[in-house]
Number of protein chains: 2
Amino acid sequence: MIVILSQIIVKLFSFADRNTQKPLKDMKKLQLQIKMNSALFLRNPESSELGKNIIMHSIQLIHKNGFESFTFKKLAEDIGTTEASIYRYFENKHKLLVYLTAWYWGWLEFQIAYSTNNIIVPATKLKRVIKLLVSTVEDDEQTGYVNESLLHQIVIAEGSKAYLTKQVSDDNKQHFFKPYKDLCGVVGSIILECNPRYKYPKSLASTIIEMAHFQNFFMNNLPALTDFGDSKEEKDVLSFLNDLVFSSIRK
Amino acid sequence: MIVILSQIIVKLFSFADRNTQKPLKDMKKLQLQIKMNSALFLRNPESSELGKNIIMHSIQLIHKNGFESFTFKKLAEDIGTTEASIYRYFENKHKLLVYLTAWYWGWLEFQIAYSTNNIIVPATKLKRVIKLLVSTVEDDEQTGYVNESLLHQIVIAEGSKAYLTKQVSDDNKQHFFKPYKDLCGVVGSIILECNPRYKYPKSLASTIIEMAHFQNFFMNNLPALTDFGDSKEEKDVLSFLNDLVFSSIRK
DNA sequence: TATTTGTGATAGTATTACTATCATTTTCAA
DNA sequence: TTGAAAATGATAGTAATACTATCACAAATA
């Protein structure tokens, strides 16, 4: 079974035994696949073991040492392959970063769609969304080679670098940031559901998204910029954002 | 006359004629000097022509080509000096970026102090502050070698890279971000003047500061993330932020 | 089984990010 | 005004980065 909803493909695999062809009970799994813009890569990393290793190990390495010190050479050594092989998948490390963040936004949009599915009251929906944006994610077993928890932290610390470049307009023309914009659109329309007369739904949406991450980063690294330096708790960021958002739209 | 207020030094120079020693009328100038953390440089760039050239040309080059493609070699060529000479002033380009952003925050704090000087009503003060944060600055003649207008745009597009690094905590220990934190403190206390019971003054302050820049960047580069993509006008960002801030603190 | 496709191994280049040395010029203090 | 100290320029060199190219071999596929 395959379900496709806009950018996300949900596959229900029935793993079968290689020899007997009988379905294996415990290997029946729901598998999430985020549809990626193919202009982001030279060869689809999902299509091979090496590709999946590139994603998996790049997440680990960027998380560990930061994007600046991350190189394809180090990644190759980490995986046990060669630099040249990695260049067959990604043109350069910038594209890889954009790929990773785009994947994250796509994944998050699915989480939001999934977790606000049956909720009718828009304000409740919006609260769920904010919570998802702020919260540390657990590693999602539905997506084999991606560690969402690490990726979340990468998006916090390095995500902005994906678009804070001179090529942002070119990249945008190639729709590299579509998942981010889609997410922003989804959040914006929930805001409008809450208050159809609110004037800045998209700007408020991007503010929530950015601040969910920046306040977290500040809290942990430059605590004087926040009011949560002592507690360092996500729930405080959550309270702040809820207060900010709902006082704006319920005026 | 020299006036010193926390981080800023205001010098009133009476330029005198070299020969007659009579003060020259039209050359009487107010000169602003931002006090910089000396751990940011190896040799103080304010102390020499070459140093001032480094600041002036680095602002031009980073603005023109972006921080990623900016190198000390290109800067040296632009100035007409050598790479080695530049390394005598700054350890590396990261320190230079931190220097430039720190300078900007210091300068902005002075602008805020100056322009809210005689205002009594806190809300009016806060509005002024938001306006200063959002507005394109005119090149300030009081600061010879710094083009504040270009620097403002650099801070918008590259400013976050000053702290989004693995060394952020080390840099913070050396007080590299003090000007930013001070500014945030100033804005936070104006917020508290408006409403002493508001719970998140510092987080709201950093939100205003970051969003004043990010919404501007989005508006011009990723307009789908804002509600101002059509107009592309600063006054719209201003309205959004005013709405956001005052509905939060006047609840 | 022949052919395409992907990977590994190796090599090579231009640029970046520095460090080092030494001669020359400028500054400043006695 | 002179003489030492400090700053700059000129040049060279190194290790790492960010790639590109080539060829042999293995695996998948038709």
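Reminder, nothing fancy here: chain letters follow the sequence lines and each chain counts from 1. Reckoned from all heavy atoms, side chains included, excluding hydrogens, waters and symmetry mates.
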Fill in: Modelled atom types, side-chain donor and acceptor of S203(B) and Q215(A), under 3.5 Å
yes
Worksheet item: If you measure only the distance, is there a donor-acceptor pair under 3.5 Å linking the side chains of K178(B) and N172(B)?
Response: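 Distance-only check fails for K178(B) and N172(B).
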Practice prompt. Among residues two or more places apart or on two chains, list those pairs meeting side chain to side chain donor-acceptor pair (under 3.5 Å) that have a residue in residues 52-63 of chain B.
Written response: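 As it turns out, the side chain to side chain donor-acceptor pair (under 3.5 Å) pairs with a partner in residues 52-63 of chain B, which skip direct neighbours, are H63(B)-Q153(B).
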Item to complete: Summarise protein proximity over nucleotides 8-19 of chain D in one line of letters, 5' to 3': B for base, S for sugar-phosphate only, - for none, counting protein heavy atoms closer than 4.0 Å.
Response: BBBB-----SBB
Practice prompt. Classify every nucleotide of nucleotides 25-30 of chain D by which part a protein heavy atom approaches to under 4.0 Å, writing B for the base, S for the sugar-phosphate alone and - for neither, in 5'-to-3' order.
Written response: ------
Practice prompt. Look at the aromatic rings of Y104(A) and H152(A) and report parallel, tilted or perpendicular, splitting at 30° and 60°.
Written response: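 Parallel: the ring planes of Y104(A) and H152(A) meet at under 30°.
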Please state how far atom [atom1] in [X] lies from atom [atom2] in [N], giving the value in whole angstrom units.
X      : N       : atom1 : atom2 : result
I79(A) : dG8(C)  : CD1   : C1'   : 13 Å
H94(B) : dC18(C) : NE2   : P     : 12 Å
K52(A) : dT7(C)  : NZ    : P     : 12 Å
L42(A) : dT5(C)  : CG    : P     : 16 Å

Show me, pair by pair, the donor-acceptor contacts under 3.5 angstrom made by side chains of residues 95-102 of chain A, not counting sequence neighbours?
unit_1	atom_1	unit_2	atom_2	d
K95(A)	NZ	E91(A)	OE1	2.6
T101(A)	OG1	L97(A)	O	3.1
T101(A)	OG1	V98(A)	O	3.0

Validation: residues 66-75 of chain A side-chain donor-acceptor distances under 3.5 Å, sequence neighbours left out:
unit_1	atom_1	unit_2	atom_2	d
E68(A)	OE1	K161(A)	NZ	2.9
S69(A)	OG	N65(A)	O	3.2
T71(A)	OG1	K73(A)	N	3.4
T71(A)	OG1	K74(A)	N	3.1
K74(A)	NZ	S69(A)	O	2.6

Item to complete: Decide if atom NZ of K64(B) counts as having more than 12 heavy atoms of other residues, nucleotides or ligands within a radius under 6.0 Å.
Response: no
Fill in: Partner residues of S169(A) under the side-chain hydrogen bond (donor to acceptor under 3.5 Å, both in side chains) criterion, sequence neighbours left out
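Checked S169(A) against side-chain hydrogen bond (donor to acceptor under 3.5 Å, both in side chains); zero matches.
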